[in-house]
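Fair warning: this is a prediction, and the values are worked out from it, not measured in the lab. All chains are named by letter (A, B, ...) in the order of the sequence lines, taking the proteins before the strands, and each is independently numbered beginning at 1.
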Amino acid sequence: MTGRSLLYSRRLPEGEVTFATRRPIDLPRLMECVAAESVGGTAVFVGTVRRGAEDGPVAGIEYSAYEEMLDAEFGLIVEEAASRWPQGRFAAQHRLGRVPAGEASIAVVAATPHRAEAMEACRYIIEEAKKRLPVWKKEIFDDGATEWRENPVKQADAERA
Amino acid sequence: MTGRSLLYSRRLPEGEVTFATRRPIDLPRLMECVAAESVGGTAVFVGTVRRGAEDGPVAGIEYSAYEEMLDAEFGLIVEEAASRWPQGRFAAQHRLGRVPAGEASIAVVAATPHRAEAMEACRYIIEEAKKRLPVWKKEIFDDGATEWRENPVKQADAERA
Amino acid sequence: MEFRNPQEPAETLSIRVRLFARYAEVVGRESFTFELPHPATVSDVVALMRARVPNGNLIPEQPLVAVNLQHVRADRPVHDGEELALLPPVAGG
Amino acid sequence: MEFRNPQEPAETLSIRVRLFARYAEVVGRESFTFELPHPATVSDVVALMRARVPNGNLIPEQPLVAVNLQHVRADRPVHDGEELALLPPVAGG
């Protein structure tokens, strides 16, 4: 089931958009997924590979994942969001493989009747995704050198498991 | 200068996108405006005309504005955001005239090196815009009836001026 | 016989009032020009408009007012030739 | 002479370990299968792998571990046939 997941709004037909993708993220498609008559506010977060890193110009990032768990964990995060914001509609994608600098690696879309919840739900999903999704990244520099990058881990998170 | 404004990131050439528009909001264009090598996170908020209102099915909303002041006030809001998030790049549009249910009336895009500031800046801009922009809306129901809608005003805001 | 110091402001102020959205709708017009004696404040202009204009009393006694694209207080003096914008509670987004 | 109660678990556990990202890179492989005596915990499996596998000592003593797609604690017992995933600190988004 590598990279083939359902997710997103529980009201969407399964399989419409897969969470993990090896192609460029299709934000308009994600926004279509959450559109509905009840929606008054849609919040989006897009994470992009930055060119300028600490150690020199980054050509891109190679993302790898434990894909089955990525789907499962993201499903949990969306379930949590759906129970906190029952009227929310959610869509997201994480790109895997090599993502060139300037392109998006992750996008989260949250749509709700009113604006505050849309922004809160979007933020909840991206923050949890950053902490929990089993995804790893290796920076690729212009000269071909590579380096694994890990998100800063808070001690409390490390002890969570 | 009705509806013909500059704004957005102070680093963008003037006049690229006008803030007030009578055409559908062009979100991909706004996102292009803020793209840059330094950007790691882009937060977006889109406000949409909801079909289901309290008083019956809404066909659309007619937005009107004091357009010169709309440009000036939005310029101030962006200046405030730029001074709080100096590395931020911002773009936004507010649609005027009749907006059919399901279509966007406002979009705000904030791009920064890291994700937290992008979401905070986007939220700052949309909240200030809602409170301060001289824009008014008249709901148009399926049966042709109309009704002015005003945002709920907190006493503290009303006394600000 | 009237003596007038040329350094002093005009005895009469000409003030344009612009109305928007619901306010324009209730009085059926988008602008008026009023003459009123110097000195006067924003709230004097609003009071005059509410008294003189048909349905003017449907506009609040203390609406939001902008001059030169900026919000102003009701006790701000007005100057000859200025334009006051009366703004209903906003509803953007 | 050995007496074995058929209700009891196997004396030997066969455990598959999967490695990801940097961990797979340092040991040069993405999976191993180990046999170890019952009973054993997650941390016993990790200790065995660190001792047996070339460069295994470069993997932390207490890495994040998942079983059945869920995070588990180091003191969790392991069962015959299970798969343990050793996860480097995450770096998504």
Side-chain angles (χ1 to χ4, degrees), chain A residues 1 5 19-20 25 45-50 61-77 92-96 99 104-108 123 125-139 146-155 157-161, chain D residues 15-34 40-47 49-50 53-79 81-93:
Chain A
M1 53 175 278
S5 172
F19 177 58
I25 285 176
F45 178 80
V46 178
T48 307
V49 173
R50 281 201 297 153
I61 290 181
E62 177 79 28
Y63 285 90
S64 59
Y66 180 10
E67 294 194 33
E68 303 93 307
M69 188 169 170
L70 175 59
D71 286 341
E73 193 73 19
F74 186 72
L76 283 179
I77 293 170
Q93 284 190 311
H94 199 306
R95 188 166 167 188
L96 299 179
V99 182
S105 54
I106 190 167
V108 172
R123 182 150 202 170
I125 293 171
I126 185 68
E127 298 296 342
E128 293 301 306
K130 285 266 180 182
K131 276 193 294 206
R132 292 160 53 181
L133 295 182
V135 175
W136 299 280
K137 61 187 176 196
K138 190 192 250 180
E139 283 181 345
T146 64
E147 185 165 325
W148 291 102
R149 281 277 169 209
E150 288 161 5
N151 292 344
V153 182
K154 295 199 195 88
Q155 198 52 33
D157 296 331
E159 286 166 359
R160 197 171 45 100
Chain D
I15 303 292
R16 184 159 180 255
V17 172
R18 286 181 68 183
L19 299 163
F20 292 90
R22 185 164 54 79
Y23 294 171
E25 201 172 80
V26 296
V27 302
R29 274 175 64 179
E30 296 193 338
S31 71
F32 297 91
T33 300
F34 298 103
T41 63
V42 163
S43 80
D44 294 331
V45 178
V46 172
M49 193 210 61
R50 295 182 78 246
V53 166
N55 291 324
N57 61 328
L58 296 177
I59 288 171
E61 286 177 40
Q62 301 212 3
L64 283 176
V65 177
V67 175
N68 296 327
L69 312 184
Q70 295 189 321
H71 293 283
V72 294
R73 296 171 58 101
D75 58 3
R76 176 188 179 282
V78 291
H79 307 291
E82 278 186 333
E83 181 177 285
L84 269 54
L86 272 54
L87 313 175
V90 302

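Here the shortest heavy-atom pairing between A:K137 and D:G93 reads NZ-O, 3.9 Å.
Although no hydrogens or angles enter the test, the distance criterion places a donor-acceptor pair under 3.5 Å between the side chain of A:W136 and the main chain of D:P88.
Contacts of A:Y66 classified as ring pair (Phe, Tyr, Trp, His ring centres under 6.0 Å), with partners at least two apart in sequence or in another chain: D:F20. Among residues two or more places apart in sequence or in another chain, the side-chain hydrogen bond (donor to acceptor under 3.5 Å, both in side chains) test is passed with A:K138 by D:E25.
Enclosure of atom CG in D:N68 is not indicated, since only 12 or fewer non-hydrogen atoms of other residues, nucleotides or ligands lie within 6.0 angstrom. Taking a 6.0 Å sphere around CD of D:E83, one finds it holds more than 12 heavy atoms contributed by other residues, nucleotides or ligands.
Using a 4.5 Å cut-off on side-chain heavy atoms (C-beta onward), A:M69 and D:L87 make contact. In this structure, A:E68 and D:L69 have side chains that are in contact, with non-hydrogen atoms separated by less than 4.5 Å.
A salt bridge is defined here as a Lys NZ or Arg NE, NH1 or NH2 lying under 4.0 Å from an Asp or Glu carboxylate O, and D:R22 with A:E147 fails to meet this definition.
In this structure, the portion of A:A65 lying under 4.5 Å from any heavy atom of chain D is its backbone and not its side chain.
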